[in-house]
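Reviewing the structure listed below.
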Amino acid sequence: MTENIKPFISDALKALFDIEVPSNDVKLEITNKDFEGDFTFVVFPYLRQSRKNPVETATLVGEYLEKNCPEIIDSWNVVKGFLNLSIPVEAWLKSVLKSDFNTQPADETKRQKVMVEYSSPNTNKPLHLGHVRNNLLGYSICRILEAYGHEVIKVNLINDRGIHICKSMLAYAKFGHGESPAEAGMKGDHFVGKYYVLFGNENKKQAVELMAKGVSEEDAERQTPLMEEAREWLVKWEEKDPEIITLWEKMNNWVYEGFNATYKRMGVSFDKFYHESETYVLGKDIVEEGLSKGVFYKREDGSVWINLTDEGLDEKLLLRKDGTSVYMTQDLGTADLKYQDYKMNASVYVVGNEQDYHFKVLKSILQKLGRPYADGIFHMSYGMVELPEGKLKTREGKVVDADNLMDEMFATAKERTEEQGKTEGMPESELHHLYEILGLGAMKYFLLKVDPLKRILFNPNESIDFQGNTATFIQYTHARCRSILRNGKFSEPVRLPEHHEPSEKNLLVLFTQYFEKLEEAADNFSPSVIANYMYEVAKSFNTFYNQCPILRANSEDQIQFRLYLTLQTANMLKRCGELLGIEMPSRM
RNA sequence: GGUCUCGUAGCUCAACAGGAUAGAGCAACUGCCUUCUAAGCAGUAGGUUUCAGGUUCGAGUCCUGACGGGAUCACCA
């Protein structure tokens, strides 16, 4: 819409004041609610050259527009240095009518192949609320990037090896008596998690004994017989000891079964799985390469480092003195592997902000090594989910379990829906689905509406809202629209009725903003942009609904026009919901 | 201590690239269902945007410093 107006403003500035401003550089803003108009042109930056005061300058531009493009500008007014322009409703309606909101707005030059790595769980415990945020952010940003026009590859790098895995294995071997998850009546991931916690508890007991002998707490936890044994198991695992490998596979498969159920319920999915058990050996040849290129250096003890102090970063270890690799080594190798596999333009890592430093270093190293994909690496960092008493900690049992939370959300949704008593006659299976999308929707919206960079405080004692700025509100609005659409019959073509209300125009204006919002969400990796936008749409519809009769409007044109607004609202909410993984019910 | 990050109503969050009188929701209070879904709408109240400087026509937004939270700086992953 602004593209229609900008050239005229550019012309006006040239004709009136001889100021050269390419129309692309003309800044138009959305007019503040309290003033009349749709767009505002701010003249302050041009006063020096116009040699007139703000009001005179703005007025001259307004008069120029009135004379030269009356069909685009309905009316205008000047407040101080602000020129407010009103666009006729016809233009807004035309713009919405000709938009196909299902097209991808990115032009050819902007389209890319993007890999998004997210979820990346450890296979020693079930998923908790922190993982849920990661999964939802990751999945949602994939949908947003796709809708924008990128080709997206969703990747999950599973952390299926390492000392923490050995801990749960060892505890199971010692205390599990060969029990299976089915026998214990547990989901596989919870079952394995039980033994991980058990290891921690048993280890603590042993540590206490050591501490009684005067060992410091820190050392004691590391020196217990159990820890010794876990480390031995890790070595055996790396040597591919058949017994260990068999147990490892068995337990991991239990976990995968559990994860798959949780993923499915959350509605997230992946195109490709990488496993650290396969990638942890990668990266050593990169260390060699870095040494020969002089990017890395070797210390006297044989360990390999990179010095990044000139970038304000630190010195970073890449290979231990015994030649074994560290986290960074493996990530370098995995980055190469991903690129070999997919040759993507950009690689996004959805990982918590506790690893900001790690990813800065990773990117910097790859740039120094001259990797063609290095500049395309982006760490989609997000804040932690915290409880009132602080960070989530599996070992201390301070967690909000993902499966439990979803169960609770389901139960609350069921309760609230029954209270409302509007679902009579719905078959049981539909009701079940309704509770599920209401419960999960509320949870998803709660996590996605917040700017990813900010941390989220979750208070288990206060249940997630179903009122106000929530998914429920949006879902309710959608159901309301569909209900109206069931009662009336919308048919093309849409004609503008003689009279229209501000709330009707407001909806049209909002619809035209969809593509901008989509682009903003994609550029900033921020699903919250979409969440806030759809809330705005739903809110505006409800205002409209309350002041305008739809099916009982005055004329057939008006009925059809209002039905059209209702239909567009429903479609827009559904579309945005898909970007966030939130389903819209047609009844509730 | 170094680096990074955040600080907006009692609480949870908005505010496009610096623009006008900083907006929503929750909680509180007041109205609105004989009418298309009241999980809704309309209204009241609530603010020195942590503080102090600076940049400019204009700062919640940019810069410097202070204070307060969080993260990180491991031959852990």
Side-chain angles (χ1 to χ4, degrees), chain A residues 27 29-35 40 42-45 47-48 54 79-82 84 122 159 161-164 276 280 299 301-305 312-322 324-328 330-331 352-358 360-361 381 383-384 386 390-391 416-417 419-420 422 438 446 449-451 453-457 459 462 465-470 472-477 479-488 513 516-517 519-520 523-524 528-529 531-532 535-536 538-539 541-553 562-563 566 587-588:
Chain A
K27 291 182 193 171
E29 285 157 42
I30 293 166
T31 302
N32 191 308
K33 268 191 199 122
D34 302 330
F35 297 90
T40 295
V42 184
V43 301
F44 288 113
L47 295 184
R48 196 161 298 163
V79 181
K80 290 188 274 185
F82 301 89
N84 301 318
N122 294 342
N159 186 348
R161 54 137 248 136
I163 190 71
H164 47 292
E276 287 200 14
Y280 84 104
R299 286 192 183 168
D301 63 5
S303 57
V304 177
W305 297 72
L313 301 171
D314 235 315
E315 287 180 288
K316 191 82 188 172
L317 176 86
L318 295 163
L319 208 59
R320 298 191 183 102
K321 65 186 172 194
D322 62 6
T324 56
S325 53
V326 292
Y327 187 36
M328 186 60 76
Q330 155 187 332
D331 264 12
N353 62 11
E354 55 198 351
Q355 294 197 34
D356 284 352
Y357 183 76
H358 174 79
K360 258 187 210 169
V361 173
S381 174
M384 298 286 103
E386 291 176 18
K391 262 183 87 168
R416 299 289 164 84
T417 306
E419 278 168 20
Q420 296 288 332
K422 295 179 189 171
L438 291 180
F446 173 79
K449 76 167 178 189
V450 182
D451 185 325
L453 289 171
K454 296 194 173 175
R455 67 197 176 113
I456 290 182
L457 229 85
N459 189 342
E462 299 168 15
D465 268 326
F466 283 75
Q467 259 156 20
N469 188 352
T470 62
T472 317
F473 171 87
I474 295 163
Q475 289 167 319
Y476 179 76
T477 308
R480 178 181 256 176
C481 289
R482 300 255 58 118
S483 171
I484 295 164
L485 291 164
R486 278 193 298 272
N487 293 330
Q513 290 171 7
E516 294 162 36
K517 295 293 177 183
E519 181 167 12
E520 192 189 334
D523 285 352
N524 299 322
S528 68
V529 171
N532 290 326
Y535 174 65
E536 200 63 36
K539 207 169 143 51
F541 179 82
N542 284 326
T543 299
F544 155 71
Y545 168 86
N546 267 275
Q547 65 185 49
C548 300
I550 297 168
L551 299 175
R552 284 175 244 283
R562 289 179 175 175
L563 275 172
T566 306
R587 268 190 74 188
M588 65 183 271

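Lettering of chains follows the sequences in order, A, B, ..., and the numbering in each one begins at 1.
Nucleic acid contact class of A:D356 (heavy atoms, under 4.0 Å, all strands): none. If you check every strand for non-hydrogen atoms under 4.0 Å, A:Q420 touches a base. Among the protein residues, A:L551 comes within range of the nucleic acid bases, having at least one heavy atom under 4.0 Å from a base atom. Contacts of A:D322 with the nucleic acid, taken as non-hydrogen atoms under 4.0 Å apart, are absent. Counting non-hydrogen atoms under 4.0 angstrom, A:C481 reaches nothing in the nucleic acid. Counting any heavy atom pair closer than 4.0 Å across all strands shown, A:V326 reaches sugar-phosphate atoms only and no base atom. Heavy atoms of A:T472 sit under 4.0 angstrom from at least one base atom. Within the nucleic acid shown, A:P54 has no heavy atom closer than 4.0 Å to any nucleic acid atom. Residue A:Y476 is in base contact, counting any heavy-atom pair closer than 4.0 Å across all strands shown. Base contact: A:R587 has a heavy atom under 4.0 Å from a base atom. If you check every strand for non-hydrogen atoms under 4.0 Å, A:T324 touches nothing.
Here A:Y535 does not pack flat against the base of B:A24, since the 5.5 angstrom centre distance and 30 degree tilt limits are not both met. Where stacking is scored as ring centres under 5.5 Å apart with planes under 30°, A:F473 does not register as stacked on the base of B:G40. Here A:F82 does not count as stacked on B:G19, because the ring centres are not under 5.5 angstrom apart with planes under 30°.
Annotation: B:G70 and B:U30 have their P atoms spaced 40 Å apart (nearest Å). If you take atom P in B:C57 and the same atom in B:A42, they sit 40 Å apart, rounded to whole Å. Here, B:C63 and B:A27 have their P atoms 38 Å apart, quoted to the whole Å. Nucleotides B:U55 and B:U61, compared at atom C1', are 14 Å apart to the nearest Å. Using C1' as the reference atom, B:A59 and B:A15 are 13 Å apart when rounded to the nearest Å. When the C1' atom is compared between B:C26 and B:A14, the two are found 15 Å apart, to the nearest whole Å. To the nearest whole angstrom, the two P atoms, one in B:U49 and one in B:G60, are 7 Å apart. For the P atom pair drawn from B:A17 and B:U12, the interatomic distance equals 25 Å after rounding to whole Å.
Per the geometry, CD belonging to A:Q475 stands 12 Å off P belonging to B:G40, to the nearest Å. If you take CG of A:L319 and P of B:A74, they are 17 Å apart, rounded to a whole angstrom. In this entry the distance linking NZ of A:K321 with P of B:A74 reads 16 Å, nearest Å. To the nearest angstrom, C1' of B:C4 lies 10 Å from CG of A:L313. As a whole-Å value, the separation of A:K360 NZ from B:U72 C1' is 9 Å.
Between A:R562 and B:C36 there is no side-chain N or O to OP1 or OP2 distance below 4.0 Å. Checking the phosphate oxygens (OP1, OP2) of B:U37, a side-chain nitrogen or oxygen of A:N487 falls inside 4.0 Å. Contact check, A:R320 against B:C76: a side-chain N or O comes under 4.0 Å of OP1 or OP2.
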Could you walk me through whether A:D356 and A:S381 satisfy the side chain to side chain donor-acceptor pair (under 3.5 Å) test, starting with their C-alpha distance in whole Å, then the side-chain angles of each, then the deciding distance to 0.1 Å, before giving a yes or no?
CA-CA 7 Å; A:D356 284 352; A:S381 174; 2.8 Å; yes

Give the intermediate values and the outcome of side-chain contact (heavy atoms from CB on, under 4.5 Å) for residues A:S325 and A:L319.
CA-CA 5 Å; A:S325 53; A:L319 208 59; 4.2 Å; yes

Verify side chain to side chain donor-acceptor pair (under 3.5 Å) between A:T324 and A:R320, making sure each step is shown before the conclusion.
CA-CA 5 Å; A:T324 56; A:R320 298 191 183 102; 3.0 Å; yes

Sort me out a list of protein N/O and nucleotides 10-17 of chain B N/O pairs below 3.5 Å, or just none if empty.
residue: B:A14; atom: OP1; partner: A:D451; partner atom: N; Å: 2.7
residue: B:A14; atom: OP2; partner: A:K454; partner atom: NZ; Å: 2.8

Pull out every protein N or O sitting under 3.5 Å from an N or O of nucleotides 28-35 of chain B, one pair per line with the distance.
residue: B:U35; atom: O2'; partner: A:R552; partner atom: NE; Å: 2.9
residue: B:U35; atom: O2'; partner: A:R552; partner atom: NH2; Å: 2.5

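Note: A:H358 and A:Y327 have parallel aromatic rings, judged against thresholds of 30 and 60 degrees for the angle between ring planes.
A donor-acceptor contact under 3.5 angstrom links the side-chain atoms of A:T40 to the base of B:A20. Not a single donor-acceptor contact under 3.5 angstrom links the side-chain atoms of A:D314 to the base of B:A74.
Against the 90° criterion about 0, the sugar-base torsion of B:C33 places it in the syn range.
The backbone N or O of A:F473 sits less than 3.5 Å from a side-chain atom of A:T470, completing a donor-acceptor pair. Checking side-chain atoms of A:T566 against main-chain N and O of A:R562 turns up a donor-acceptor pair under 3.5 Å.
With 3.5 Å as the limit, one finds a donor-acceptor pair spanning the side chains of A:N542 and A:R480.
Closest to the side chain of A:N542, out of B:A77, B:A20, B:G40, is B:G40. Comparing B:A77, B:A20, B:G40 by their nearest atom to the side chain of A:K80 picks out B:A20. The side chain of A:Y327 lies closest to B:A77, out of B:U21, B:A77, B:C75. Taking only side-chain atoms of A:S483, from C-beta outward, the nucleotide of B:U37, B:G40, B:G19 with the closest atom is B:U37. Listed nucleotides: B:A20, B:U37, B:C57. Nearest to the side chain of A:P45: B:C57.
For the atom pair CG (A:L438) and OG1 (A:T472), the distance works out to 6.5 Å, reported to the nearest 0.5 Å. Within the model, atoms CZ of A:R455 and CE of A:M384 stand 11.0 Å from one another, a figure rounded to the nearest 0.5 Å. With rounding to the nearest 0.5 Å, the separation of CZ in A:R587 from OG1 in A:T417 is 11.5 Å.
The minimum heavy-atom distance between A:L317 and A:M328, with the atom names listed, is O-CB, 4.4 Å. Residues A:W305 and A:L318 come closest through the heavy atom pair C-CD1, 4.2 Å. The two residues A:G383 and A:N353 make their nearest non-hydrogen contact at CA-ND2, 3.5 Å.
Heavy-atom nearest nucleotides on RNA chain B were determined for A:N84 and for A:K539, and the one closer to the 5' end corresponds to A:N84. Between A:R480 and A:R161, the one whose closest nucleotide on RNA chain B sits nearer the 5' end is A:R480.
One finds no salt bridge joining A:K517 and A:E536 here, because no Lys/Arg side-chain nitrogen approaches an Asp/Glu carboxylate oxygen to under 4.0 Å.
Stretches of at least 3 consecutive Watson-Crick or G-U wobble pairs, with each checked distance under 3.5 Å, appear in RNA chain B as B:1-7 with B:67-73, B:10-13 with B:23-26, B:28-32 with B:40-44, B:50-54 with B:62-66.
Under a cut-off of 6.0 angstrom, the local environment of CZ in A:R48 is sparse, with at most 12 non-hydrogen atoms contributed by other residues, nucleotides or ligands.
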